[in-house]
Peer 1: 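Quick one: the structure is below, questions incoming.
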2 protein chains.
Amino acid sequence: MANPDPPLDPAQLADPTNSIGYLTRIAFRSFSRAMERRTLPFGVSAGQWRFLRHLWMEDGVTQRQLSHKVGTREATTVTAINSLVRSGWVERAPSRTDRRKIHIRLTGRAKTLQADLLPIVAEVNALATRGIAVRDLATFRRVLTQINANLAEEAADPLVQGEDV
Amino acid sequence: MANPDPPLDPAQLADPTNSIGYLTRIAFRSFSRAMERRTLPFGVSAGQWRFLRHLWMEDGVTQRQLSHKVGTREATTVTAINSLVRSGWVERAPSRTDRRKIHIRLTGRAKTLQADLLPIVAEVNALATRGIAVRDLATFRRVLTQINANLAEEAADPLVQGEDV
DNA sequence: GCAAAACCCATAGAACCCTAAGGATATTGA
DNA sequence: TCAATATCCTTAGGGTTCTATGGGTTTTGC
């Protein structure tokens, strides 16, 4: 039960090859570049793609909901949506029941785009994971999800310490 | 021989929870935030930190070498070094044997900083990996390294195929 | 030698993302 | 009721990173 508790000592972490931060940054940036290279011909930037994908799953959500799903701050979401509106991929639709809220809706053009772009993620994922055993990939996804959960606690508002109480 | 070849089908990748790009982006950003929260009191931003850590391992390298090590484009390195110079962490030193090259050297202040900042990576890494088995973490690092290698090929200049030696 | 190529750093311009603070609307509680 | 609080979006300002391009410097090839 006692957790293995496996911290590398600081000396080892001087070598960034061992750091979660370094490894995930390189992976994220490489992945992002590989994606954008393929989506740009369709007129979709990397930043736009991230939001479009979520809207394909659930259209008409509010900006705040979208922020939570995509994993960006709300100010960032505002910028991204401005960009999507400029490109004609989405429209802002004020809520009729709560004038604070604004729903984001895909345009017709954006909906048809899904069929073109979705295979691209699959392609880049396949490229990225080439030569890696299915079993190891499953472990990889599970660990990464756990890491994100661990760090999400840290990111929570510092005042929320009790939460329960 | 025959690689398991485990691509998820496109439909599954519509859910970003399964996408390498999504998972690594969230991890990278969370990690970066957790780091910066701790280094900012020392006057070091997240971007500066990445370069300082490499310089602690190998001081006096050229800007191009530093770019390779840190994993950023050279234009990005220029910006980062400008920032480090402004903050008094490094100095530019033109090479005496090749006037194209510029070596980057840590200032005295920056060297003493190492003792303060290195434990911080260890702390954040420990936080991020809490509750994860050592064995799984090893798999995680191995897979992530492989993914980076796979994507690096994609990013390489299409002309550089041999590199031989 | 010397022109062509390679190499190294820098600038320009833009995209992305953040924190901090503000404005408008809705809800809560005395 | 109505002031305090919470919620939701936005703006302001700055940092990080990219691609594309240019300006010096060195090396290469004839």
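Bear in mind that the values here come from a model prediction, so they are computed numbers and not experimental data.
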Peer 1: What contact category does B:T62 fall into here, base, sugar-phosphate, or nothing, at under 4.0 angstrom with non-hydrogen atoms?
Peer 2: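 Sugar-phosphate, no base atom in range.
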Peer 1: Which residue, A:E74 or A:G47, contacts DNA chain C at a nucleotide closer to its 5' end, judged by nearest heavy atom?
Peer 2: A:G47
Peer 1: Kindly point out which of C:dT25, C:dC18, D:dT10 is positioned nearest to the side chain of A:I102?
Peer 2: D:dT10
Peer 1: Can you tell me if B:E36 uses its side chain to pair, donor with acceptor, with the backbone of B:A46 under 3.5 Å?
Peer 2: yes
Peer 1: For B:Q63, which contact category applies under a 4.0 Å heavy-atom criterion: base, sugar-phosphate, or nothing?
Peer 2: sugar-phosphate
Peer 1: Would you say B:R33 places a side-chain N or O within less than 4.0 Å of OP1 or OP2 belonging to C:dC18?
Peer 2: yes
Peer 1: Nearest to the side chain of A:V78, heavy atoms from C-beta on, is which of D:dT19, C:dC18, D:dC9?
Peer 2: D:dC9
Peer 1: Nearest-nucleotide wise, let me know which of B:I81 and A:S83 is further upstream toward the 5' end of DNA chain C.
Peer 2: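 On the 5' side of the pair lies B:I81.
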Peer 1: Please round to the nearest 0.5 Å and tell me the distance separating atom CZ of A:R33 and atom CZ of B:R73.
Peer 2: 3.5 Å
Peer 1: Just how far is it from atom NE2 of A:H54 to atom CG of A:D59, taken to the nearest 0.5 Å?
Peer 2: 13.5 Å
Peer 1: Figure out the NZ/C1' separation between A:K101 and C:dA26, and round it to whole Å.
Peer 2: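 So the two atoms are 10 Å apart, to the nearest Å.
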Peer 1: If you compare every side-chain N and O of B:Q48 against the phosphate oxygens of D:dT16 (OP1, OP2), does one of them come in below 4.0 Å?
Peer 2: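 It does not, given that no N or O in the side chain of B:Q48 lies less than 4.0 Å from OP1 or OP2 of D:dT16.
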Peer 1: In whole Å, what is the span from the CZ atom of A:R37 to the P atom of D:dA20?
Peer 2: 10 Å
Peer 1: Per the end-axis method with five pairs at each terminus, what is the bend angle of the helix from C:dG1-D:dC30 to C:dA30-D:dT1, to 10°?
Peer 2: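 That helix has its two terminal axes inclined by roughly 10°.
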Peer 1: Could you give the CE-to-P distance, from B:M35 to C:dC18, as a whole number of Å?
Peer 2: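 Distance check: B:M35 CE to C:dC18 P gives 17 Å.
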Peer 1: D:dT10 P sits how many Å from A:N82 CG, rounded?
Peer 2: 7 Å
Peer 1: Round to a whole Å and report the spacing from CZ of B:R25 to P of C:dC18.
Peer 2: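 So the CZ-P distance, B:R25 to C:dC18, works out to 8 Å.
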Peer 1: In terms of the angle between their ring planes, are A:W56 and A:W49 parallel, tilted or perpendicular, with boundaries placed at 30° and 60°?
Peer 2: perpendicular
Peer 1: How is A:T77 classified with respect to the nucleic acid when contacts are heavy atoms under 4.0 Å: base, sugar-phosphate, or nothing?
Peer 2: nothing
Peer 1: Starting from P on D:dT16, measure out to CH2 on B:W49 and report it in whole angstrom.
Peer 2: 14 Å
Peer 1: Quick check: is A:F31 connected to A:F42 through a chain of hydrophobic side chains (ILVMFWY, heavy atoms under 4.5 Å apart)?
Peer 2: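 Same cluster.
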Peer 1: Answer with base, sugar-phosphate or nothing: what part of the nucleic acid does A:A80 contact at a heavy-atom distance below 4.0 Å?
Peer 2: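 The answer is nothing, as A:A80 stays clear of every strand by at least 4.0 Å.
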Peer 1: Is there a side-chain contact between A:R92 and A:Q63 (heavy atoms, below 4.5 Å)?
Peer 2: yes
Peer 1: State which of C:dC9, C:dT25, C:dC16 makes the closest approach to the side chain of B:R64.
Peer 2: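 Given the options C:dC9, C:dT25, C:dC16, the side chain of B:R64 is closest to C:dC9.
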Peer 1: Measure CZ/B:R73 against C1'/C:dA12 and give the value in whole Å, please.
Peer 2: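 Going from CZ in B:R73 over to C1' in C:dA12 covers 18 Å.
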Peer 1: Just the rounded figure in Å: distance from P of C:dT19 to CD of B:E36.
Peer 2: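 The answer, rounded to whole Å, is 8 Å.
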Peer 1: Quick one: sort the B:F140 and A:F140 rings into parallel, tilted or perpendicular, breaks at 30° and 60°.
Peer 2: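 Judged by the thresholds at 30° and 60°, the geometry between B:F140 and A:F140 is parallel.
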Peer 1: Does a nitrogen or oxygen in the side chain of A:S45 sit under 4.0 Å from OP1 or OP2 of C:dC16?
Peer 2: yes
Peer 1: From the options C:dT11, D:dT17, C:dC16, select the nucleotide whose nearest atom is closest to the side chain of B:F51.
Peer 2: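 Closest nucleotide among those given: D:dT17.
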Peer 1: If you compare every side-chain N and O of A:T76 against the phosphate oxygens of C:dC18 (OP1, OP2), does one of them come in below 4.0 Å?
Peer 2: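 Yes, A:T76 has a side-chain N/O under 4.0 Å of OP1/OP2 on C:dC18.
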Peer 1: Does A:R29 have a side-chain nitrogen or oxygen under 4.0 Å from the phosphate oxygens OP1 or OP2 of D:dT17?
Peer 2: no
Peer 1: Looking at A:R100, does any N or O in its side chain come under 4.0 Å of the phosphate oxygens OP1/OP2 on D:dT10?
Peer 2: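 No, A:R100 has no side-chain N/O under 4.0 Å of OP1/OP2 on D:dT10.
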Peer 1: Verify the contact: side-chain N or O of B:R92 to OP1 or OP2 of C:dA10, cut-off strictly under 4.0 Å; return yes or no.
Peer 2: yes
Peer 1: Does C:dA24 have OP1 or OP2 sitting under 4.0 Å from an N or O in the side chain of A:R99?
Peer 2: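 No, A:R99 has no side-chain N/O under 4.0 Å of OP1/OP2 on C:dA24.
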Peer 1: Would a distance-only check, ignoring hydrogens and angles, find a side-chain to backbone donor-acceptor pair under 3.5 Å from B:T76 to B:T72?
Peer 2: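 Checked: no pair found.
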Peer 1: Under 4.5 Å between any side-chain heavy atoms of B:Y22 and A:R53, yes or no?
Peer 2: yes
